[in-house]
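The structure appears below as structure tokens.
Computation of the quantities below employed the complete heavy-atom set of this structure, encompassing side-chain atoms and omitting hydrogens, waters and symmetry-equivalent molecules.
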Amino acid sequence: MPATSLADWLRSASDDELAALLQARRDLATPPPSDSTVLATRAGTAGSTARSLEELDTFTLAVLDALLVADADTQPVPLAPVAELVGADPAPALARLKTRAIAWGDDDAIRVLPVTREIVGPYPAGLGASVPALAGFDLAELTDEERGVLGALASGPPIGRSRDAAVEVPLEQAKTPVQRLLARGLLLRRNNDTVELPRELGVALRGGRAVSPGAIEEPALPTNSHQQSTVDEAAAGEAAEFLRQLESLLNLWSEQPPPVLKAGGLGVRELRKLARELDVDDVRATVLAELAVGAGLVADSGSATPEWVPTTLTDSWLASAPAQRWLTLAQAWLDLPRLPGLAGQRDSKDKAMAPLSDDLRRPLAPVNRRRILESLLELPDGSGVKSVDELVAVLAWRAPRRGGRLRDETVRWTMAEASILGVVALGALTTATKALLAEDRSGALNAMIDAMPAPIDHVLVQADLTVVAPGPLEPELATEIKTVADVESAGHATVYRITEATVRRALDAGRTADELHELFRARSATPVPQSLTYLIDDVARRHGRLRGGAAASFLRCDDEVLLAEVLGNPVATEYELRKIAPTVLVSPIPLAEVLDGLRAAGFAPAAEGPDGRVLDLRPSGRRIPARPKQTRRVTGEPAGPNSDQLSTVIAHLRAGDRAASRRRGAEVRLPAGGGGSDTSATMALLARASREQREVWIGFVDSHGTASQRIVTPAHVGGGVLMSTDDQRFPLHRITSAALIED
């Protein structure tokens with residue numbers, strides 16, 4: 001006998017079919033349903049069904065529309081008329097609907113969940129209410145004007161507005177096409193200015209189909225073919241440029257950290273300043289800032305006047321090899337729970353959303369980002385999409401209900417960011433990205449090392465005091481050149497400019513003139529111009545004649561003998577006191593500590609301010625270090641149940657169905673789940689079942705508070721536990737009722 005309800009169909013389903021359902025709709029398994037009736041009830045809820053529909057493609061949704069057009073939500077319908085409405089074989093789509101328990105039944109009696117009409121809307125497939133009397137109506141009877149009115153409504157939705165619907169008139173008095181159609185019953189009047197096209201006419205005007213032909217086949221995705229090595233090398237070039245720009249951002253914000261807006265984020269003025277300094281557009285500047293924070297290289301200082309400041313991770317990142325730096329950023333981008341593309345867009349209050357603000361936070365961004373990239377995994381190695389818009393169309397066909405209003409824009413933003421970062425090049429995935437998507441970090445690192453050009457160990461020094469790096473420099477050489485020269489132009493070949501200020505900067509960093517001469521002599525592939533030699537010598541000759549030092553505190557005294565006594569005391573060594581003038585000593589230790597030490601040594605110093613007045617340095621209260629703001633990162637949706645978990649849930653479900661269907665004898669019920677006057681009777685019943693090896697029906701409440709029922713054969717009752725013959729343990733205090741199974 002065919003199943004008449006979803007619960008009946010689920011009871012008759014195989015374990016593999018139930019496992020497929022619980023894998024496709026993971027929310028149905030938590031907590032484990034007690035029986036098929038509970039599972040069917042969960043499957044029929046609006047929220048769960050809507051989430052499941054988000055995973056379906058356009059063709060499957062079109063078949064669902066056709067089933068609703070045939071009223072399969074209220075009565076079983078045969079498959080044949082549904083196939084006619086679709087205009088193609090609906091079997092593959094129907095199988096997907098059945099796997100998710102959205103549809104069920106044999107081909108001659110298919111049903112769908114009633115809640116699907118609420119989710120899809122009042123006009124499935126864009127068709128109106130049914131008027132069976134219009135079935136087979138000859139459209140040739142219509143005038144061109146009347147066909148034009150009906151044709152405008154046939155593509156959906158079937159509702160239109162017309163002033164001619166205000167008054168119903170007989171056919172002989174009708175003057176307009178709408179009035180004539182209403183008078184003949186070919187349009188339905190909903191109110192004074194609204195008309196509706198009947199379902200039968202809509203299908204006829206569509207050529208006998210309920211869905212458009214474009215919904216049946218997935219759009220083609222034109223591609224370009226390249227060598228995979230070409231893709232990898234192009235991406236490596238983009239990655240190198242992005243790394244250089246991010247390094248510049250970190251150096252810039254190390255010197256001048258931008259303020260954090262009161263509402264959080266980075267201000268428009270600061271964003272444009274960053275874009276101007278890096279010579280990039282606002283979009284790239286936003287991605288750079290978002291990834292700097294997302295990778296933990298920059299953070300909100302959390303001070304009274306908060307700023308975006310590089311963190312201690314910056315130094316280790318800068319010291320890493322380029323491929324390792326890229327890997328850190330690429331992983332951070334994949335896991336970034338934010339949409340940088342939203343920056344500058346208007347929110348619901350018509351306010352521009354700022355980069356680095358909470359407005360850009362989207363927890364599902366990592367999931368959608370990976371789905372978009374994984375769609376490119378289906379292409380052959382080296383093949384890339386010709387147009388992002390064509391990829392948008394394909395992904396929209398595959399999941400039209402997923403992503404909301406930002407669905408298509410998210411694809412465009414993701415592809416643009418992936419190209420900027422070197423994750424995608426020429427519309428194709430790189431070898432490193434494929435490894436990263438497969439969670440193979442070492443493989444991704446090795447692939448990027450192979451793709452990036454080998455670092456070079458020389459530069460070209462020119463007579464105009466420019467230094468040309470014809471490729472990426474070795475890390476040590478790059479550090480030395482950046483110390484003595486400024487970047488003038490960047491790209492695959494970087495041009496540096498040496499000036500008097502840059503030479504002085506190198507000398508300030510501890511380099512000597514001889515070391516600079518040796519650097520250019522050993523590392524330049526061209527002769528070192530004499531002008532550079534003269535510049536270094538001239539700056540070095542004047543450098544350091546006037547010197548400055550740092551000190552945390554000073555001591556001054558007009559009595560030189562007293563200062564000599566202080567210097568001769570062990571306290572001078574302990575606090576690193578040093579004479580810089582006959583009446584002045586300095587120390588790198590804070591003044592309060594120095595004064596405490598002097599007082600302990602028998603001296604009587606006093607603190608003074610800039611104006612010479614005595615200061616009170618006693619602490620004014622307890623102080624604690626500032627704590628950095630902790631940010632929780634969301635990396636994606638939780639994994640579904642594994643095979644063992646599915647087996648447990650299905651066994652729980654089968655046991656509940658079995659318990660509900662077996663006939664049982666007199667029931668012993670325990671008040672409030674244990675204790676009371678029936679405890680002895682329950683123990684006696686369970687002991688009897690154990691002795692006679694009879695099956696017993698029990699109701700119990702699990703640790704989650706979920707009530708269910710089981711049929712077990714007791715093996716032992718004692719110690720507060722019922723042990724069954726299949727090694728299941730049931731605490732007696734959780735058993736609410738029990739009854740012997742009748743033969």
Side-chain angles (χ1 to χ4, degrees), residues 250-260 296-319 479 483 501 504-513 515 539-540 542-630:
L250 295 172
N251 291 332
L252 180 65
W253 285 6
S254 295
E255 297 174 2
Q256 298 178 335
V260 179
L297 303 177
V298 171
D300 182 342
S301 64
S303 58
T305 55
E307 297 173 314
W308 295 109
V309 183
T311 69
T312 53
L313 292 178
T314 294
D315 297 323
S316 59
W317 184 82
L318 291 174
T479 300
T483 302
R504 186 183 305 113
R505 182 178 66 206
L507 297 174
D508 289 340
R511 308 297 190 275
T512 65
E515 289 174 342
V539 175
R542 292 180 284 114
H543 182 265
R545 294 176 63 186
L546 183 63
R547 292 180 175 265
S553 59
F554 71 89
L555 297 174
R556 71 177 184 85
C557 180
D558 295 335
D559 187 351
E560 296 184 25
V561 175
L562 179 56
L563 283 184
E565 183 180 351
V566 171
L567 286 174
N569 193 289
V571 73
T573 302
E574 182 180 354
Y575 291 95
E576 304 177 36
L577 292 171
R578 179 169 61 92
K579 180 185 285 189
I580 62 171
T583 59
V584 180
L585 304 180
V586 295
S587 169
I589 310 299
L591 180 58
E593 296 182 30
V594 173
L595 296 183
D596 287 342
L598 289 171
R599 292 184 182 113
F603 298 97
E608 70 174 10
D611 56 359
R613 295 185 179 182
V614 175
L615 294 178
D616 183 4
L617 294 183
R618 289 178 299 173
S620 58
R622 183 169 176 264
R623 299 287 187 266
I624 61 172
R627 297 177 182 174
K629 182 179 179 181
Q630 298 295 321

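Summarising the geometry of Pro588 relative to Ala552, their closest heavy-atom pair is O-CB, 3.3 Å, with the distance given to 0.1 Å. Residue Arg511 comes nearest to Thr483 through the heavy atom pair NH2-OG1, 4.0 Å, listed as atom of the first residue, atom of the second, then distance. Across Leu563 and Pro582, no two heavy atoms sit closer than the pair CD1-O, 3.6 Å. Annotation for Ser301 and Val309: closest pair CB-CG2, 4.0 Å, computed over non-hydrogen atoms. The heavy-atom pair separating Leu567 from Leu577 by the smallest distance is CD2-O, 4.2 Å. Across all non-hydrogen atoms, the minimal contact from Tyr575 to Ser587 is O-OG, 2.6 Å.
Expressed to the nearest 0.5 Å, how far OG1 of Thr312 lies from CG of Leu297 amounts to 10.0 Å. Atom CD of Glu565 is separated from atom CD of Glu560 by 14.0 Å, given to the nearest 0.5 angstrom. For the atom pair CH2 of Trp253 and OG1 of Thr314, the computed distance is 11.0 Å after rounding to the nearest 0.5 Å. With rounding to the nearest 0.5 angstrom, the CG atom of Asn251 is 12.0 Å from the CD atom of Gln256. To the nearest 0.5 Å, the span separating CD on Glu593 from CG on Leu598 amounts to 12.0 Å. In this structure, Arg599 CZ and Leu595 CG are separated by 5.0 Å, a value rounded to the nearest 0.5 Å.
Residues that satisfy the side chain to side chain contact (heavy atoms under 4.5 Å, CB included) test with Arg504, not counting sequence neighbours, are Glu500, Ala501, Asp508, Val539, His543. Looking at residues two or more places apart in sequence or on another chain, you find a salt bridge (Lys or Arg N to Asp or Glu O under 4.0 Å) between Glu608 and Arg556.
Side-chain N or O atoms of Thr311 include one that pairs as donor or acceptor with a backbone N or O of Gly296 at under 3.5 Å. In this structure, the side chain of Ser553 engages the main chain of Ile589 through a donor-acceptor pair within 3.5 Å. Side-chain N or O atoms of Glu515 include one that pairs as donor or acceptor with a backbone N or O of Thr512 at under 3.5 Å.
Under the 4.5 Å side-chain criterion, counting only non-hydrogen atoms from C-beta, Trp308 is in contact with Pro258.
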Run Val584 and Leu555 through side-chain contact (heavy atoms from CB on, under 4.5 Å) and show every step you take. CA-CA 6 Å; Val584 180; Leu555 297 174; over 6 Å; no
Please report the C-alpha distance between Ile580 and Phe554 in whole Å, then the side-chain angles of each, then the deciding distance to 0.1 Å, and finally whether the side-chain contact (heavy atoms from CB on, under 4.5 Å) criterion is met. CA-CA 10 Å; Ile580 62 171; Phe554 71 89; over 6 Å; no
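Environment of CG in Asp558: sparse, with no more than 12 heavy atoms of neighbouring residues, nucleotides or ligands closer than 6.0 Å.
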